[in-house]
There are 2 protein chains.
Amino acid sequence: MTPDAMDAVFLALGNATRRRILDIVKASPGCNVNDICAYFEISRIAVMKHLHALEDAKLLTSEKRGRDRRLYFNAVPIRMIYDRWTTEFSSLWAERLTRIKYAVEGASETRPAETKPSTRGSIKAEKQAKRGKRKRDG
Amino acid sequence: MTPDAMDAVFLALGNATRRRILDIVKASPGCNVNDICAYFEISRIAVMKHLHALEDAKLLTSEKRGRDRRLYFNAVPIRMIYDRWTTEFSSLWAERLTRIKYAVEGASETRPAETKPSTRGSIKAEKQAKRGKRKRDG
DNA sequence: CTGATATGTAACCATCTGGTTACTAATGAC
DNA sequence: GTCATTAGTAACCAGATGGTTACATATCAG
């Protein structure tokens, strides 16, 4: 799953109205735009923008049927994130809250420090000031 | 999990830089702000804003230690969404892609229609027009 | 055809987002 | 104490987001 696709999915889900729309379409597949509008106080155009966002994220599919646009829920993107998380973070599901414990109790003096800080890039100044001295290594 | 909390989590995850930051902190718990900055070309202030967003979403915790702010990953919010999805959408994990098939093949004449369209709210006009006249006569 | 319904498009506006620079404050090393 | 380092705050800016109104098009019911 490309980062852009992921952005689209998370951003689409990052709005309560859109999550509600998703729930509604999931509950009544084949409904049209006005059906969705009936649930909200915002304008039809606003609803359509939400629908576009959800379609961009591929969380909804739609099909033109006469005057209507029929809407359907699509679980695939959620499934893909689900899969990523279950693999990516699977160890954490096992650990549960142990990371919190670590953060509070375990971290006193040790600093695991960096893993691969590549560029040491400098925006303007700020990092230029660092050139002279370096410490904390020996 | 409150809708606002959910918004915060999804919006925090809806940005590739923030997801990368999350990965970095997860890989090196206890790192400080400058450690994170070393991975990016953007300014430290921009990184801090991302860190604030992640802390708002409770995806990161931090602890002030001398000059440094030490950062730790927190899996709880992701775990909660994970749990919501596995229960909320569990049937869909079974169905897999059948909803797509339905959308393309199954939906021909039937319209499951609404489930509880409440208000029939009207923003300004648009829905007012549904009772009386029309204007498109010129 | 006439007119109502359903969707689509365009232009506008306020606020949020993600970035910047400039400056301030606290702490650690010598 | 002095000064570099780390973090925080404030003000600014371009572009995205989420909302609006006005208008346009397409289809369905007579």
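This one's a predicted model, so the numbers in the text were calculated from it and none came from an experiment. The chains referred to below are lettered A, B, ... by the order of the sequence lines, with proteins before strands, and numbering in each begins at 1.
Side-chain atoms of B:Arg44 and base atoms of D:dA7 include a donor and an acceptor less than 3.5 Å apart. Judged by distance alone with a 3.5 Å cut-off, no donor-acceptor contact links the side chain of A:Arg69 to the base of C:dT7.
With contacts defined as side-chain heavy-atom distances shorter than 4.5 Å, the pair B:Asp23/B:Tyr39 does not qualify. Put simply, the side chain of B:Arg19 does not reach to within 4.5 Å of the side chain of B:Asn15, judged on heavy atoms.
Checked against D:dG19, C:dT7, D:dT6, the side chain of A:Asp68 finds its nearest nucleotide in C:dT7.
Checking A:Glu55 against A:Thr61 by side-chain atom types alone, no donor-acceptor pair falls below 3.5 Å.
Between A:Ser43 and D:dG19, a side-chain N or O to OP1/OP2 separation shorter than 4.0 Å is absent. Between A:Asn15 and D:dG18, a side-chain N or O to OP1/OP2 separation shorter than 4.0 Å is present. Taking 4.0 angstrom as the limit, B:Asn34 places none of its side-chain polar atoms (N or O) nearer than this to OP1 or OP2 of D:dT5.
In this structure, A:Arg20 is positioned above the aromatic face of A:Phe40, its NZ or CZ under 6.0 Å from the six-membered ring centre and within 45° of the axis.
Here the closest non-hydrogen pair linking A:Val33 and A:Leu71 is N-CD1, 4.3 Å.
Taking atom CZ of residue B:Arg65 and atom P of nucleotide C:dG28, one finds them 10 Å apart after rounding to whole Å. As a whole-Å value, the separation of A:Arg70 CZ from C:dT7 C1' is 14 Å. Remark: C1' of C:dA6 and CG of A:Asn32 are 7 Å apart, rounded to the nearest angstrom. Straight-line distance from the CE atom of A:Met48 to the P atom of D:dG18: 16 Å, rounded to whole Å. When rounded to the nearest whole Å, the span between NZ of A:Lys49 and P of C:dA14 equals 14 Å. Nucleotide D:dG18 holds its P atom 13 Å from the CG atom of A:Leu51, rounded to whole Å. Between the CZ atom of B:Phe10 and the P atom of C:dC16 there is a distance of 22 Å, given to the nearest Å. Whole-Å rounding puts the B:Ile42 CD1 to C:dT21 P distance at 12 Å.
Comparing A:Lys64 and A:Leu11, the nucleotide of DNA chain C nearest to each residue sits closer to the 5' end for A:Lys64. Taking for each of A:His50 and A:Arg67 the nucleotide of DNA chain D with the nearest heavy atom, the 5'-most of the two is the partner of A:His50.
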